[in-house]
Amino acid sequence: MKKLSVIGAGSAGLLAAVQGYYSFVNMPDWEVELIHDPNLPPERVGQGTVPGIMNLLSIVFDVDWADNPFDATVKHGIMYKNWGKKKDKFFHPFGMGYSAAHYDVNKFREFILSSNKFKVVEKNIKNYNDVDSDYIIDCSGKPTSFDNHTTLTNPVNSVLLGSSEKEDDLHWTDCVATPDGWCFRIPNIDSVSHGYLFNKDITSVEKARENFKDLFGIDSTDNLNFSNYISNQFIIDDRVCLNGNKLMFLEPLEANSNPAYVQATNRYLSYMLGRMTKRQVYDEIFSYVLKIQNYLLWLYQSGSKYNTPFWDHATSLEFEDNLFDGLVGLCSHRSMESLWSLMDNEDVPDHYGQWDLSSIKNWIQNTK
Ligand SMILES: Cc1cc2nc3c(=O)[nH]c(=O)nc-3n(C[C@H](O)[C@H](O)[C@H](O)COP(=O)(O)OP(=O)(O)OC[C@H]3O[C@@H](n4cnc5c(N)ncnc54)[C@H](O)[C@@H]3O)c2cc1C
């Protein structure tokens with residue numbers, strides 16, 4: 001028998017265990033277990049997904065829009081408000097044939113942990129040697145030190161959280177530019193979650209709180225600071241693969257975390273099955289995360305309706321990537337349907353990180 005142990009029951013660990021289960025479903029010589037410490041609570045945020053993840057969940061758990069135990073609300077895309085100088089608002093659609101979800105992270109965790117798809121062990125892991133398995137995916141949360149990490153460039157590093165009353169017409173994530181950054185508005189079954197993202201080195205938390213109240217009517221006492229980073233060593237002793245906040249973090253614009261964890265786990269599973277080398281895994285994960293960094297910076301470069309110190313800073317952040325420049329050039333000169341039809345062309349990369357060419361085109365036509 002071969003065994004994969006996933007440490008952690010936050011978004012990253014839950015998804016990794018589900019992916020492991022699904023990959024090995026026709027390989028009876030593999031087993032998956034998830035180990036977590038119930039006394040160490042996972043992050044409370046992370047409600048928004050992208051389409052592929054919901055497909056995986058509906059296949060593995062036979063859940064759907066009418067019947068799911070994690071209070072999923074539909075996410076048809078992202079509504080950008082106040083971004084760019086051209087329009088007051090525009091939509092980043094997933095396409096009318098696709099959708100994703102927002103969900104209650106606590107109910108999601110309870111559901112996955114009690115699904116019996118894999119063994120669940122409640123234990124605090126102090127040392128990887130205490131885990132008797134061939135491979136480990138460590139999703140035990142934020143690193144205790146950032147010494148061996150690369151800082152990723154991003155203009156926000158703090159968030160105020162809050163919630164308001166349910167809104168019946170919110171079928172996507174709202175992403176509202178503000179003088180200090182941007183604010184997500186996520187529909188829940190009975191409320192709307194807000195996250196007011198800002199840069200604490202530009203805007204004091206008191207000022208952000210005041211603006212959050214003025215713009216959205218929300219009093220927030222909950223403030224989280226974060227760093228944007230990726231670990232420099234994400235496979236340890238050829239056996240332990242880091243994922244989730246242990247691997248990387250970038251602010252939540254475009255709900256990039258869960259898709260990045262899924263991509264990383266896919267590569268780790270290929271490595272465990274001998275289908276990818278360690279070098280390939282490193283190169284592909286690092287390159288994928290840099291693409292997220294770059295794409296988010298590109299969105300900020302379009303600015304917003306605000307001319308403030310935050311937006312001066314955000315629009316000044318640069319990156320270099322000839323591949324991305326080429327894709328922007330391609331998307332600028334072609335119509336949307338021409339790009340869709342190109343996506344079957346093997347000579348043209350159809351994705352940049354989690355984004356297909358239509359996402360790039362959509363941003364160009366709404367902001368440039
Ligand atoms: C404001 C905000 C909004 C966000 N919104 C989104 C979003 O909409 N979509 C999205 O994809 N992402 C979003 N994110 C990112 C999301 O929060 C992260 O993806 C998520 O927190 C990842 O957490 P994790 O699973 O790595 O670790 P955690 O959630 O911290 O979980 C760690 C787990 O490890 C266990 N553990 C820890 N130490 C041990 C140990 N020694 N032994 C055993 N178990 C242990 C804990 O019990 C816990 O189960 C957002 C982030 C922020 C800050």
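Both ligands and their constituent atoms are indexed starting at 1 by order of listing. Residue numbers run from 1 in the order of the sequence given. Quantities reported herein were computed from a predicted structural model and do not represent experimental measurements.
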What do you reckon, does [X] have a nitrogen or oxygen under 3.5 Å from a nitrogen or oxygen of ligand 1?
{"X": "T49", "value": "no"}
{"X": "N256", "value": "no"}
{"X": "D37", "value": "yes"}
{"X": "P42", "value": "no"}

Output the list of atoms in ligand 1 that are nearer than 4.0 Å to some heavy atom of Q47, sorted by atom number.
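In order of numbering, the contacting atoms are 7 (C), 8 (O).
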Measure K246 to ligand 1 on non-hydrogen atoms and call it side chain, backbone, both or neither using the 4.0 Å cut-off.
neither
Report the part of V159 (side chain from C-beta onward, or backbone N, CA, C, O) that has a heavy atom under 4.0 Å from ligand 1; answer both or neither where that applies.
side chain
S158 side chain reached by N223 side chain, heavy atoms, under 4.5 Å:
yes
Could you name the option among S140, A9, G48 that has the heavy atom nearest to atom 10 (C) of ligand 1?
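Checking each option, the heavy atom nearest atom 10 (C) of ligand 1 is found in G48.
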Answer yes or no on whether K291 is positioned over the face of Y352, meaning its NZ or CZ is under 6.0 Å from the six-membered ring centre and within 45° of the axis.
yes
Parallel, tilted or perpendicular: which one describes the rings of Y135 and W30, with boundaries at 30° and 60°?
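Because their plane-to-plane angle is under 30°, the rings of Y135 and W30 count as parallel.
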Taking the six-membered ring for Trp, are W311 and W83 parallel (under 30°), tilted (30 to 60°) or perpendicular (over 60°)?
perpendicular
Partner of W355 under ring pair (Phe, Tyr, Trp, His ring centres under 6.0 Å), chosen from Y288, F94, Y295:
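Of Y288, F94, Y295, ring pair (Phe, Tyr, Trp, His ring centres under 6.0 Å) with W355 is met by Y295 alone.
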